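These notes are about the structure you will find just below.
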Amino acid sequence: MLWAMHLKSHKSFSLADCKHLLEDCLQSKSVFQGKTVHQHLIKNHIPHGDDDHFNQTIEKLTLFYLACNKVEYARRVFDRSPRKPKKVVIWNLLIKGYAWNGPFGEAINFYYKTLELGIQPSKFTFPIVLKACSALQAIETGKDIHVHAKRLRLDSDVYVSTALVDMYAKCGCLDDAETVFNEMPHRDVVAWNSMISGFSLHGVYYHDTIRLLVRMQNDFISPNSSTIAAVLPAVAQANALSHGKAMHGFCARRAYIDDIIVATGLLDMYGKCQYMDYARRIFDKVSIVKNEVTWSAMLGAYVICDFMREALEFFLEMMRLKDFTLFPTPVTLATVLRACAKLTDSSIGRCIHCYAIKSGFVSDLMLGNTLLSTYAKCGVVIDAKQFFYEMDLKDSVSYSAIISGCVQNGHAKEALRLFHKMQLSGLYPELATMLGVLPACAHLAAIQHGSCSHCYAIVHGLTTEITICNALIDMYAKCGRIDTARRVFDTMHKRDIVSWNAIIIAYGIHGLGMEALLLFDNMLVECLEPDDVTFICLLSACSHSGLVTEGKHWFNAMRQDFGITPRMEHYICMADLLSRAGKFEEVCNFIEKMPFEPDVHIWSALLAACRVHRNVELGEEVSKKIQKLGHGSTGNFVLLSNMYSTVGRWDDAAQIRILQREQGFKKSPGCSWIEIGGVVHAFFGGDRSHPHSPQINNKIDELLVEMRRLGYHGEASYVLQDVEDEEKEHILLYHSEKLAIAFGLLNLSPNKPILVTKNLRVCGDCHTAIKLISLITKRNITVRDASRFHHFKDGICNCGDFW
DNA sequence: CTAGGGTTAG
């Protein structure tokens, strides 16, 4: 009313009018009207009023803008007014505005500005500004402010000291938090809650959290619902079901269960402890209104407990609810996406993506990162990459996700490129980043990148993490440095089952089966329970070293002595072990007695052995079975065709190749690579694209002369094309592994070992040739192929010519 | 109160 009157009369407002108007604005929250009054005040009244008037007016304006959630306007009150208010209450208001809604740095800036102006902070200033410190994890600033509080003797105030405890705890400085906490003259429930939630937040301190909870009760302070809500996530993470149940009982007695936050916490705890029924019962029984967090937690419980169908149905149920106060949030969507990733169903993922776009959530960083990793986990790495490039805000999680996504889908080189890009963009690699980078180095056998990553991990204190060491063991082993892998293993102060599995298979792929068995014995001596993966590692190690008796023994023992039922993978290892050893009758019996239908991998293992042992009849039979299963793969066509060529049945070999082409299977080209000076050089068969190609070919010709003298003639059977023998030798000479080795001989000093990596299995002719090259050049040559390491030395390969 | 990236085997 007043407002309209004045607008019509074109009269200017008096100071009293302004105050009235501001009250009015505070009620209606009309920013526009408030701004008009603000401008008027600056023009006409603020410069002339006395201090009291000035302070009152500024306080009202600030309050008004903050009530409208307009911190930036509130700030303008300060910036534009001709003098600065001297009352700390007013400054506290603005600091509070920033400390609650950000940008948090401004809260700290304004705090220091009050100091500059000689205004003494009050006991209300400290809790506010400390909140901003914890939001920014600005521990140094927090400590500085702690000193100020001490100087003013405000640090013993219960509000201030609780805020200090909270700040230290949230910044991870639990020792400092506890010191302040212990020095408090008396502690109320809020102080206890700050301390407890600090420990609870950093999930690793579960026992300290519980210890505090007990201490709290000894102090005759009873936990309230906030205490329980703070502790439950830690209980959930620690999978401490018995504690969780006790808390459930406690909550029921105190009727805390009617608090939706507590109920959600309990539900989530049961879900994470795999107690689906209890979780659902809480969800159904809750008498108060459930919010979107409760729904998301329930959805998460379904996903964790592996009830995927139910999870998706539950999500649809939530979408169908005709409740306009309940919508899926980014967290809900991220949880459904986890279900998609587990189901490897990218089509549902795409639907969620669409929904996210429609509801304006795509720019949510957490959701974006989940979406990105879902695409990668579903194997559609192209979509993952596209989404990654289109994200306008990326953090280290985004990079970690795309790096792992690339590695898991076989794009290791791309992963290293992205890692480099990440560093250029000023983001710091974290634990999870390195857990993506190290497997990339392992895949590429890029030892220089690998050891650089190792250095990075040491400098950043990551080598205390078991997971990092496990990845390092694998990386060194796959880069041919079995000794370094062992050193990492030996110097770990704590090992888990993955560490043992990694080192066992490391020896396995290097053809050191006896060492692998010895390590397995050590593991049993240390009273560590082997798991199903351990036996896959062990059996595969036996297979690579032809340890048939030992393999059979442990295969039987795993069920009888360790209570582990063999999975398909274990049967595949056994089929591989027996057939490599040429025990065809035994392997056929073994397959017949399997408790499930043999899959394509079983037959592939057998087919590969048929080629090595030239067992054509069985090979043909096996190949028919593979065809029947409809799982023909390029590798199997190649094996069969190679087998026919080996025995000189060229027509049949050609027939298979035609069939392969008809069915649309392309042989992936053989590719070998070698890392020199941190650069990975890759070669394809007959490749002349490398700048040093002439020198490489000269080197091969030079070697050929000596190899011929030692009786080498190209093993024509390894050439797929039906061409003249002389030409065959020519094709064989420029196989990718030979090119890479020649390049290594040219570029590495004689005392350095040569490591070449190949994407497929090494070809038989190359195997013979490399043995001779190791003899002629007196060099140790290592070739890592798709399944294992071949160490060539003095004309012998440690695989014993079986691979 | 719910929530993103992650080591071993085939």
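Only a predicted model underlies this, so the values are computations on that prediction, with no experimental measurement involved. In the text below, chain A, chain B and the rest are named by the order of the sequence lines, each starting its count at 1.
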When we call it a touch if two heavy atoms are under 4.0 Å apart, what does [X] touch: a base, just sugar-phosphate, or nothing?
| X | answer |
| --- | --- |
| A:Ala334 | nothing |
| A:Leu367 | nothing |
| A:Lys377 | sugar-phosphate |
| A:Arg338 | sugar-phosphate |
| A:Ile505 | sugar-phosphate |
| A:Pro233 | sugar-phosphate |
| A:Glu430 | base |

What pairs with [X] under salt bridge (charged side-chain N to carboxylate O under 4.0 Å, His left out), at least two apart in sequence or on another chain?
| X | answer |
| --- | --- |
| A:Asp284 | A:Arg280 |
| A:Lys170 | A:Asp166 |
| A:Arg350 | A:Asp383 |
| A:Asp490 | A:Arg486 |

Counting N and O atoms only, with roles assigned by atom type, does the side chain of A:Thr335 sit under 3.5 Å from a partner on the main chain of A:Ser296, one being a donor and the other an acceptor?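 Such a contact is absent between A:Thr335 side chain and A:Ser296 backbone.
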
No-hydrogen, no-angle side-chain donor-acceptor test under 3.5 Å, A:His248 and A:Tyr270: yes

Check each of A:Ile352, A:Leu333, A:Leu371 against A:Phe361 using the side chain to side chain contact (heavy atoms under 4.5 Å, CB included) test, and report the only one that passes.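 That would be A:Leu333.
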
Nucleotides bounding contact with chain A, strand DNA chain B, heavy-atom threshold 4.0 Å: B:dC1 to B:dG10

How are the rings of A:Phe520 and A:Phe535 set to each other: parallel, tilted or perpendicular (split at 30° and 60°)? perpendicular

Give the residues of residues 392-401 of chain A touching DNA chain B, defined as any heavy atom closer than 4.0 Å, sorted by residue number.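 When residues 392-401 of chain A is checked for heavy atoms under 4.0 Å from DNA chain B, the hits, listed by number, are A:Asp395, A:Ser396, A:Val397, A:Ser400, A:Ala401.
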
